[in-house]
Amino acid sequence: MRHGVDKKIVTWAALTVATLLVTGCGGSAGAEPTGTRPSAPATASAGTGAPAPDRAAEASAAYRKWGLKPFAAPPAPPRVKPVRRSPGGPVPVISEIPTKDRIVFITIDDGAEKDPEFVTMMEELEVPVTMFLTDSAIRADYAYFARLGDLGNGVANHTLTHPDLRTLGRAAQSREICGQQTKLAKEYGAKPRLFRPPYGNWNEDTRAAAGECGVDAIVLWRESMQIKNMQYQRADGKLHPGDIILAHFRGPAELKGTSMTRMTANMLRHVQEQGFTVARLEDYV
């Protein structure tokens, strides 16, 4: 799922140019296994040193379609990932990434909703997301998430059946986590490095089992997207640099008539209004 990389690089450059056209400023905000998006700097037009205006216009038009303004391109990812598991050490548990850059990370859980318009939205906007997938939710249509992975979005583990892991012993937790590692590797080409426990519930057995299953980090969150608004864990009710945002693959039945694309547009608007851009989680963990 690595085709189309050149197109991604040029389009990220276009997003940066479109931001310049819309805001009048440049904005400061910044090869993996299957389901990852390479980060790329802005690219100038060949032989001129100037950005490609046609690409900028295309990017601007794509964002307008969804009621948004283009994001600034994220900064180049750090040479050394700020979250790393030491060899043989415990699996890190994170809710945010240590950074001073005004970037956030979008994660989407489960996989129950499979709205084809969401694939179109992700293809046009090229905002990186990481998908934490549960087998019982996705097995009826693995191909849907393969299409999203082909766009450069990360594939991560959210167990086989979505249990509360704290109610299970270590062996049962291992079956849930390792079993989903195997399933996702079979469908998407590589075992995920990232894992999210259902409901955010975990204990030391979870951590040990995840490590044995080849997980590099347990990923929680700082904000969760509802239908129109975000729920914040901090008292100030604001995004902070490096925050991880939780959303779900949900449709009108769960979102009181709102589509997944509308919910996603609302989420991206909150990010923009607070002066942040979206970066790729796999570049930092």
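Pairing each heavy atom of Ala146 with each of Tyr188, the nearest pair is N-CE2, 3.6 Å. Met263 and His248 make their closest contact through CE-O, 3.6 Å (heavy atoms, listed as atom of the first residue, atom of the second, distance). Summarising the geometry of Glu96 relative to Arg222, their closest heavy-atom pair is OE1-NE, 2.6 Å, with the distance given to 0.1 Å. The minimum heavy-atom distance linking His158 with Arg196 is given by the pair ND1-O, 2.7 Å.
Once rounded to the nearest 0.5 Å, the distance linking CD of Gln173 with CZ of Arg207 reads 13.0 Å. The CG atom of Leu133 sits 4.5 Å away from atom CD1 of Ile138, with the distance rounded to the nearest 0.5 Å.
A donor-acceptor contact closer than 3.5 angstrom is absent between the side chains of Gln180 and Thr159. For the 3.5 Å distance criterion, the side chains of Ser259 and Thr261 qualify, holding a donor opposite an acceptor.
Between Met121 and Val127, every side-chain heavy-atom pair lies at or beyond the 4.5 Å cut-off.
Residue Arg269 qualifies as enclosed at atom CZ: its count of foreign heavy atoms under 6.0 Å is above 12.
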Kindly indicate, with the supporting measurements, whether the criterion side-chain hydrogen bond (donor to acceptor under 3.5 Å, both in side chains) is fulfilled by Asp135 and Tyr142. CA-CA 9 Å; Asp135 190 64; Tyr142 288 126; 2.5 Å; yes
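A donor-acceptor pair is defined here as one N or O able to donate and one able to accept, closer than 3.5 Å; no such pair exists between the side chain of Arg166 and the backbone of Asn201.
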